[in-house]
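The next block holds one structure in the form of structure tokens; read it before the comments.
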Amino acid sequence: MSRYNAREVEAKWQSTWQNRNTFETKTDTSKPKYYVLEMFPYPSGNIHIGHVRNYTMGDVVARFKRARGFNVLHPMGWDAFGLPAENAARDKKVHPAEWTYANIANMRKELKSMGLSLDWSKELATCHPGYYGKQQKLFLDFLDKGLVYRKESWVNWDPVDMTVLANEQVIDGKGWRSGALVEKRKLNQWMFRISDYSEELLEGLQTLDRWPERVRLMQENWIGKSSGARVNFKISDRSDHLEIYTTRPDTLYGASFMAVAADHPLTQELAKSNTAIADFVAECHRMGTSEEAIEKAEKKGVDTGLFADHPFIEGKKLPIYVANFVLMEYGTGAIFGCPGHDQRDFDFATKYKLEISRVVAGPGGEEGPLETEPYIGPGKIINSDFLNDLEVEEAKKAAISKLEELGLGSETINYRLRDWGLSRQRYWGCPIPVVHCDKCGTVPEKAENLPIELPEDVTFDKPGNPLDHHPTWKQTKCPSCGADAVRETDTMDTFVDSSWYFARFCSPRADEAVSREDVDYWLPVDQYIGGIEHAILHLLYSRFFSRAMKVTGAVDFEEPFAGLFTQGMVTHETYKSQSGEWLFPQDVITNDAGEPVHIETGEKVIIGGVEKMSKSKKNVVDPAEIIDKFGADAARWFVLSDSPPDRDMEWTDAGATGAWRFKQRLYKFIHENLENAADLNADEPTEFSGEALALRRETHKTLASVTDSIEKLHFNTAIARIYEFMKTLSEFRSTGEDGAWALREAMEVMVSIVGPMMPHLAEELWELLGHTEILADSPWPTVIDELTVDDTVTIAVQVKGKLRGTIEVPKDEDKAKVEAMALAEENVKRFIGDATIRKVIVVPNRIVNIVI
RNA sequence: GCCCCUGUGGCGGAAUUGGUAGACGCGACAGAUUCAAAAUCUGUUGUCCUUAGGGCGUGCCUGUUCGAGUCAGGCCAGGGGCACCA
């Protein structure tokens, strides 16, 4: 027998699937659909092992559902806009488009070598005008419905690169690449009204019962709903009011000061004539936005000299401060300070020697002054006039009613979620299709002028936005009046691209952004698979987009992803040389003494922790090399085995070798034992005896269990059951017609259930078994339920809760008989001795517990 | 600080959801085959006691129960999310 040659066999089946267009899918309302989607990759140049894990999982689901009779959509595309292409352009003098398309070509080739059941006819790239032009149409539709607006807002501005930075690109208050001190600047930014959908996005989470609980929780926290009150404090000796937001109206009697944000209109008004305030505002703007900077920043403020009138206490005046810990973006940008019952207010009051009074009694009824720390917990209200003796929650309600009565405030729901700023001062992104006209203002581009394509002749040697530098691109005519006008040079955040690609996949070449007929059939995505790192932004933005597209009539659903699965990372041991340099795993070998040494120098290697694969630590393995060495099937098998899919898995060579061994073993087994099996389509014998029947039982039990495991995405347990079944098969010895038939049945089931995970090997064996139809087009085998239940069961017998023996009894045996058999068991008798039996618990088919 | 998740052999992990803890894989050990090795195959492998057999054992402590890895309460450790959010 020839050894299994993965390289040849895998190439053979990949071209068979391709030539037969096996995985091309059409909308067909007569069939049940199933949409499997893995998060599409950024075309960085090569696939990494995390992609292998992600796409293998999706592929198992896709192939499995296909075999189960579903019309499966399983597409692939490229999240192709983004900064790395511009960096490559600057550093390597290669155009972003050229760089990106070359990367796509290479990654496509690598993905194809994995044998994924993808419909490549639906491939799309977000950097292609055929995609981003439709995105511009969506943008115009959103604009028309008021879902997008332009607003001056504060951004992180890198003065060296002359660009806006996202929060995560600001490290310790400095630009991640330039290292320049980041400034807060006010810029005109395009914004999506996602915050209008806060409540809907929050409520929608309730319906997502096939999402991981923790992702829903993260989104819930991110949306950050809180309920409280808006209260108007009259500014003393002025006619206007200061509106604040609070979740603790019950502590109003503990108020000792007011604080407003540096960007609050009141502050800005005062800063014009008060240099102390103006200086402080400038200082706040310089303050870094990193977590660390915020953590360390002291609570500071400046007294404005103004006072506010307390809403409940006649004549009580509260000093108004500008404070660095009050954020303009949250609530109303102003607060009242209650130092007794809020940590920040306490810190602030301590620094500026403001009154700290207690209005909530402590858990033990303490009513004394708060000297070292505020009290945040529940309790009875004190020192608060009409609120006295109420519990915190009751007092909140009472305070709000009183405020409403006085016309000074009302109950309010507040959300942490802010609008999504989508403007980026970058070249390699989707141009925002609007025009700025001196006469008409900001005018949307005409739909027939779309796509507004990116110019090709751009330079990246100057800081700032290359689109803005382009000599002619932005010069245009106003779509409204026809006068000379300027194009918007901002491009869209790349999160926009990934917020609707799942819908475009249904009909990637349609004239409309999405074709209703197709999305109505395919969407929502039945199973979405990707990394937990997208738990908030990408998934929340996509959920918003679905709602927005529903408003424009493009789709008719709210939730884009009915099922979500977040897979774990792939980790690897780390290695360092004696001099402390990181080493690649392939440069580390084991010497004769069993020690890890460097392959070239022979120097002993220091083994470090198991960590997420990263280029900087060099603990990476290259999927292309793995596939070349072990074959795609073995790589797929290994990433699915051992670890539960939602947890991190460690890549080890031993594990990959193990997968390879199983592949060889199965191949060899079918080859060597096929002659003992019945012919394809041989008549089923009327009776099955001992061995043959036992094998059939195992076959159907395995089939049922593996089917269930795949359905639940528990690939590791499915594989464990297949290993057990392999063992059963190798031990099977039987002659006779029934044995031969049972063996064929077992082999067919084995090949079928291995199919979604090792598709090439399975096709090869399927063909060997004599089938003329390929496995990918063959149905999943059917479980015969009668064969999955045994006639007898092994029951554990406990004495006083400790296992003392087991008995074999017929299934569903009469309780009294089971009890008698249990009591007759030798070891059980020994443990009962002459003690009195107080009670016997019999759980049918499970356990007997004898209490003495 | 707030919220959440996870702790099971040397390792990755199973456990029908309260019913025989450690399936399956890796590693290790022993044996078969081989001139030898690789590959392959067969066994053993939680721990302690000398075996039949038994004691102990799912991070720690308490509890509920005939029975707890699983439920409850309190700790400890590791990981993740959010964070001057009023």
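Letters go in sequence order (proteins before strands), and every chain restarts at 1.
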Nucleotide N/O to protein N/O under 3.5 Å, stretch nucleotides 51-53 of chain B:
| residue | atom | partner | partner atom | Å |
| --- | --- | --- | --- | --- |
| rG53(B) | O3' | Arg830(A) | NH2 | 3.0 |
| rG53(B) | O2' | Arg830(A) | NH2 | 3.1 |

Subject >> Any Arg344(A) side-chain N or O less than 4.0 Å from OP1/OP2 of rC85(B) >> reply: yes

Subject >> Any Arg665(A) side-chain nitrogen or oxygen under 4.0 Å from OP1 or OP2 of rC41(B) >> reply: yes

Subject >> Pair assignment for rC56(B), Watson-Crick or G-U wobble, requiring both distances under 3.5 Å >> reply: rG46(B)

**OP:** Using a cut-off of strictly less than 4.0 Å, decide whether Arg416(A) has a side-chain nitrogen or oxygen near OP1 or OP2 of rC82(B).
**Re:** no

Original post:
Across all strands, who's sitting opposite rG25(B) as a Watson-Crick or G-U wobble pair, both distances under 3.5 Å?
Top reply: rC11(B)

**OP:** Could you tell me whether the phosphate oxygens of rC26(B), OP1 or OP2, come under 4.0 Å of any side-chain nitrogen or oxygen in Arg661(A)?
**Re:** yes

List, one per line, each side-chain donor-acceptor pair under 3.5 Å for residues 251-262 of chain A, sequence neighbours excluded.
| residue | atom | partner | partner atom | Å |
| --- | --- | --- | --- | --- |
| Thr251(A) | OG1 | Arg248(A) | O | 2.9 |
| Tyr253(A) | OH | Asp385(A) | OD2 | 3.3 |
| Ser256(A) | OG | Glu355(A) | O | 2.9 |

Subject >> N/O (side chain, Arg804(A)) to phosphate O (OP1/OP2, rG55(B)) under 4.0 Å >> reply: yes

Original post:
Should the heavy atoms of other residues, nucleotides or ligands under 6.0 Å from CZ of Arg214(A) be counted, would the total exceed 12?
Top reply: no

Subject >> Phosphate OP1/OP2 of rA14(B): any Asn716(A) side-chain N/O under 4.0 Å >> reply: yes

Subject >> Member of Val706(A), Leu666(A), Thr717(A) meeting the side chain to side chain contact (heavy atoms under 4.5 Å, CB included) criterion with Ile722(A) >> reply: Val706(A)

**OP:** Using Watson-Crick or G-U wobble geometry with both distances below 3.5 Å, tell me the partner of rU6(B), or none.
**Re:** rA77(B)

Original post:
Do Phe638(A) and Trp660(A) have their ring centres less than 6.0 Å from each other?
Top reply: no

Subject >> Watson-Crick/G-U partner (both atom distances under 3.5 Å) of rA32(B) >> reply: rU40(B)

